[in-house]
Number of protein chains: 2
Amino acid sequence: MESLAFPRPLTTVDVVIFAILDGVLQAVLVRRPTEKGEPFADMWALPGGFVDVERDQDLKACAIRKLHEKTGVASPYLEQLGSWGSHNRDPRGWSATHAYFSLIPGKPVVLEKGAADVGWFPIIGNSVAPKLAFDHRDILKAAVLRLRNKVEYTSLPAYLMPPEFTLPDLQRVYETILGRPLEKSAFRTRMLAADLIEPVAKMRKGPNRPAQLYRLKSATAPVYFARTFNPPR
Amino acid sequence: MESLAFPRPLTTVDVVIFAILDGVLQAVLVRRPTEKGEPFADMWALPGGFVDVERDQDLKACAIRKLHEKTGVASPYLEQLGSWGSHNRDPRGWSATHAYFSLIPGKPVVLEKGAADVGWFPIIGNSVAPKLAFDHRDILKAAVLRLRNKVEYTSLPAYLMPPEFTLPDLQRVYETILGRPLEKSAFRTRMLAADLIEPVAKMRKGPNRPAQLYRLKSATAPVYFARTFNPPR
DNA sequence: TGAATAGTGTCTATGAGACACTATTTG
DNA sequence: CAAATAGTGTCTCATAGACACTATTCA
């Protein structure tokens, strides 16, 4: 059983946490520690770290733990994004990370204590303003592309909404992520046909015609539509 | 830098290798070694194994190496499937595997020497007949579901075809994977509009009207269609 | 000529895009 | 009433499904 004596790669889990804040898609970043020997000291990075073989039953539990530690959110939409592993992505040696991406409602999130070492960063194009540690820019880009692509044919944005929301609210989230306007009529038809949301007996008041409030139906699996939204032009 | 002293999970890569053989979707399995201490001795398993930090530059290179070792195929369609990691999937300890799935043309494949320890197994339902080592049944099932799902809206089956094939050949492969018939007319319209294949100046002869032979155009990226095939009924 | 499979055409159904039109609120 | 946004209706377009019809080979 020579195999167990082989050198083992480092194993980490990283989580891309998305929310809509101030009407903009944003992701959580954390500052790398500055202790001696830590690579990418003081740089921004995706929340994550080593699998703790004592605490983490499996990869998903590890991702949920890390997400909960940073945001306090307990039951997010969480999807495996992929894995990145190579001899040179971590200066400490061969390492592989298992990346997840998560969608949470922006509102109830309370980031950790000090708050100087964790923050929300708006997604501009495919990424964020600061340079990121490791290959986290690649991972974040993959998450953004995956989210954008899936928004074309799924109900994923529903997981970014507060408990009660209007159809125009939901459409604005779709449009924010896709970066283009959608047809109101087709959008409403699609969403209402999806058996995804149900009206609550309330209206959103404003300086104009009130809008019907909806909430997600209890069954929480995302809906897959048979067509994408057709691209403009 | 305490972190590097943590116990590290085992890191493996496994590959689900699909081909159409005898008109049936099949996958490659290998026999587990029987040396003392090897878990799941003598059982069938997906081809794969530990990342070799000396030889493998990154995860994909590791997957390509394992695939090449088993099939001789050098440039397959290869896609990351996901990762599976937990404290109990391997009796030797916490382990995580990075799973890939691959589509290759059935024909040119020559399985290794002895051939008693490696073979093709038809996919029945979501899996194969024999029991599999580790959680490989779950991984194989995920691969089959991913493939079936993508066949609804992509040109992935093109990677299962020999260099020259007819449109009816391609349609049969789609139907084999989906397990239902497709409309000939809609199928041809979709494929020909995809700018994916080009006719060669030959016909497939038979006891009936000959069929135009096509080959894949040089650009090899898969095509994503804006709609799924609609389900029957 | 008939069997068999390749390939085309026509008609319908679905759901999106365009966009106008109506509805309901506040100021 | 005007402004503003919510919500509906109507028409067109693209593409899939149904299915019939034509085309071309061999025995």
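Since we're looking at a predicted model, the values are computed, not measured. Below, chain A is the first sequence line, B the second, and so on; all start at residue 1.
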Report all interatomic pairs (protein N or O, nucleotide N or O of nucleotides 1-5 of chain D) with separations under 3.5 Å.
{"residue": "D:dT5", "atom": "O4'", "partner": "A:Asn208", "partner atom": "ND2", "Å": "2.8"}

Please write out each protein N/O paired with an N/O of nucleotides 12-14 of chain D under 3.5 Å, distance rounded to 0.1 Å.
{"residue": "D:dA14", "atom": "N3", "partner": "B:Arg227", "partner atom": "NH2", "Å": "3.1"}

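With sequence neighbours excluded, the residues that form a ring-ring contact (aromatic ring centres under 6.0 Å, His included) with A:Phe134 are A:Phe40, A:His136. For A:Tyr159, the ring-ring contact (aromatic ring centres under 6.0 Å, His included) partners two or more places apart in sequence, or in a different chain, are A:Tyr77. With sequence neighbours excluded, the residues forming a ring-ring contact (aromatic ring centres under 6.0 Å, His included) with B:Phe121 are B:Trp44, listed by chain and number. Legend: residues meeting ring-ring contact (aromatic ring centres under 6.0 Å, His included) with B:Tyr214, ordered by chain and number and at least two apart, are absent. When the side chain to side chain donor-acceptor pair (under 3.5 Å) test is applied to B:Thr12, the partners found at least two apart in sequence or on another chain are B:Thr97.
When each of A:Gln212 and B:Leu182 is assigned the nucleotide of DNA chain D with its nearest heavy atom, A:Gln212 is the one assigned upstream, toward the 5' end. Of the two residues near DNA chain C, A:Thr189 and A:Gly206, the one whose nearest nucleotide lies more 5' is A:Thr189.
In this structure, CZ of B:Phe225 is placed 8 Å from P of D:dA16, rounded to the nearest angstrom. To the nearest angstrom, P of D:dT10 lies 16 Å from CZ of A:Arg188. We find that OH of B:Tyr214 is positioned 12 Å from P of C:dA6, with the value rounded to whole Å. Between A:Met191 atom CE and D:dT8 atom C1' the separation is 18 Å, expressed in whole Å. Taking atom CD on B:Glu183 and atom P on C:dA13, their separation rounds to 15 Å, with Å as the unit. When rounded to the nearest whole Å, the span between CD of B:Gln171 and C1' of C:dT5 equals 12 Å. Across the protein-nucleic acid pair, A:Met203 atom CE and D:dA6 atom P stand 11 Å apart, rounded to whole Å. We find that CG of B:Leu192 is positioned 12 Å from P of D:dA16, with the value rounded to whole Å.
Scanning atom types as modelled, one donor and one acceptor separated by under 3.5 angstrom connect the side chain of B:Ser185 and the base of C:dG9.
Within the structure, salt bridge (charged side-chain N to carboxylate O under 4.0 Å, His left out) contacts touching residues 134-143 of chain A (residues at least two apart or in different chains) are A:Arg89-A:Asp135. Applying the salt bridge (charged side-chain N to carboxylate O under 4.0 Å, His left out) rule to pairs touching residues 15-30 of chain B yields nothing, sequence neighbours excluded. The list of salt bridge (charged side-chain N to carboxylate O under 4.0 Å, His left out) pairs with a residue in residues 159-173 of chain A, not counting sequence neighbours, reads A:Glu164-A:Lys202, A:Asp169-A:Arg172, A:Asp169-A:Arg204. Residue pairs meeting the salt bridge (charged side-chain N to carboxylate O under 4.0 Å, His left out) criterion with at least one partner in residues 213-230 of chain B, sequence neighbours excluded, are B:Asp195-B:Lys217, B:Glu198-B:Arg215.
Within the nucleic acid shown, B:Lys184 comes within 4.0 Å of at least one base atom, counting heavy atoms only.
With D:dT25, C:dT24, D:dG17 as the candidates, the nucleotide lying closest to the side chain of B:Pro210 is D:dT25.
Note: A:His98 and B:His98 have parallel aromatic rings, judged against thresholds of 30 and 60 degrees for the angle between ring planes.
End-to-end axis angle of the helix from C:dT1-D:dA27 to C:dG27-D:dC1, from C1' rotation axes over five pairs per end: 10° (rounded to 10 degrees).
Taking the centre and axis of the six-membered ring of B:Tyr174, the NZ or CZ atom of B:Arg190 falls outside the cone set by 45° and 6.0 Å.
With A:Glu69 contributing its side chain and A:Ile64 its backbone, the two residues share no donor-acceptor pair below 3.5 Å.
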